[in-house]
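Bear in mind that the values here come from a model prediction, so they are computed numbers and not experimental data.
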Amino acid sequence: VRAKALAARQSMAWQLHSFCGQNQKLDIRTARIAQPVCSMDGSPLRVGIIGAGPAGLTLARALSTIPGRECDVHVYEKASILRPSVGGGLQLSSGASILKRLGLEQDIVRTAIPLRNVLSRRADGKTVLELDVQAALRGAGAEMLGCSGDTDCGDGAFAIMRDALQELLARDLDPERLHFGKTLNSVVSSADGVDCTFGDGGTARFDVLVGCDGIGSAVKGACFPRAAPPVYSGVRVLFAVAPAPVRPADARHTFHQWLGDGAYCLSASYGALGGGQSDVLALCFKSEQAARENSGWDEQSADEMRAACVDRLAAAKFPREVVDLARNAARFYETPVYYRNPQLGWSKGGVVLAGDAAHAMPPFLGQGANQAICDAYCLAERLKSLSSSSSASSSSS
């Protein structure tokens, strides 16, 4: 956990080099930027955020929570609303620690389901791995949530549905600063700022524009045209979501991994909107047929997808537990898995990338959302530390 946190801070320190100027010192290990010698006129830093996913909403909340430079923040999302029942479940570990710093500890404890164990088995039931997640986190010195002083209490890892996390992050933000139905059309960066044009004809100018718009980032496409495209992993994932508990009651805090013939399956329980529970099945299989990432997030024909899911589970000889979950699921979607190879230089002038827009990764270690949240927090700390005469667009990487 500490190694991943350090890696996140190191990568963000590098990408923020363009904000620092020639006369500032950058400590790579702690990502601390020494304050430049300049005047303070008190003018707010204009920050535009493209994308209202975990990275974008965490950044918006952090900029309104962390003390320091005043920021005028606006979030732009191409969807018409923060849609419920979109996407699947997320695992929070280092991300949970960040959300605690942002005042959401009790919300996470109430809404998310603690992840305490991982049990990996072959399809025939033979155990491959048993992992005590909480013991491992405590051994690594990870921060626990829901604990008052006792070092042996609390939880360090949680499972939560994506839409529930979005709701928590957006709840206290000014609605007038959340702009929906806004598709980014163009970005022009100059010494005067970063000018954005949207599909509805609207325009906006910022000192800093942050692309939190995912692996198919429009910000990245506009400002980093030479960046390598996302790479298809050769794996597709079929998700099945049951809006109520289906798994065995004693499995609520345990992720079950199953290794079958030509496929891998995860069954898990996630905290859902309104304090409920969603049980989720993720069936991973090899496929040469690629499609746009997250192209299946919109609900597809439940009957057809259910039949396809049950057939694949049967072909891989998975046990009844996961077959029953698929049969009782109400929502299905299938998506190919893409990733971006890590690279330095995630900023140019006043434009910077965060989350999947910068370093999308396969979901198999459950780190995508955590790294996005850590990105957002580290970036917010750096922006809040800038003096009012430090121009984020005055230098480029």
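- Here the side chains of D155 and R116 are in contact, with some heavy-atom distance below 4.5 Å.
- By the 4.5 Å heavy-atom criterion applied to side chains, V75 and L59 are not counted as neighbours.
- Annotation: side chain of Y333 is not in contact with side chain of M305 (no heavy-atom distance under 4.5 Å).
- Here the shortest heavy-atom pairing between F318 and G260 reads CE2-N, 3.5 Å.
- Looking at D213, its side chain does come within 3.5 Å of a backbone N or O of A218 through a donor-acceptor pair.
- A donor atom on one side chain and an acceptor atom on the other are not found under 3.5 Å apart for H359 and Q371.
- Side chain of R247 to main chain of S267: a donor-acceptor pair is present (N/O by atom type, distance under 3.5 Å, no hydrogens or angles).
- Exactly one of R121, R122, K126 qualifies for a salt bridge (charged side-chain N to carboxylate O under 4.0 Å, His left out) with D124. That residue is R122.
- Taking the six-membered ring where tryptophan is involved, the planes of F206 and H74 are tilted, since the angle between them lies from 30° to 60°.
- When the options D107, D172, D174 are evaluated for a salt bridge (charged side-chain N to carboxylate O under 4.0 Å, His left out) with R61, the one that passes is D172.
- Less than 6.0 angstrom separates the ring centroid of F255 from the ring centroid of Y270.
- Looking only at side-chain heavy atoms (C-beta outward), E334 and F285 come within less than 4.5 Å of each other.
- Considering only heavy atoms from C-beta on, E167 stays 4.5 Å or farther from T111 through its side chain.
- Under 3.5 Å, the side chains of D132 and Q134 contain no donor-acceptor pair of N or O atoms.
- The shortest heavy-atom contact between A164 and A272 is CB-C, 3.9 Å.
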For residues 198-205, run the donor-acceptor check on the side chains, cut-off 3.5 Å, and write out each pair with its distance to 0.1 Å, sequence neighbours left out.
unit_1	atom_1	unit_2	atom_2	d
D200	OD1	K182	NZ	3.3
D200	OD1	G202	N	2.9
D200	OD2	K182	NZ	2.9
R205	NE	D195	OD1	2.7
R205	NH2	D195	OD1	3.3
R205	NH2	D195	OD2	3.2

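- Remark: R177 engages D72 in a salt bridge, criterion side-chain N to carboxylate O under 4.0 Å.
- Here the CG-CH2 distance, from L266 to W258, works out to 11.5 Å after rounding to the nearest 0.5 Å.
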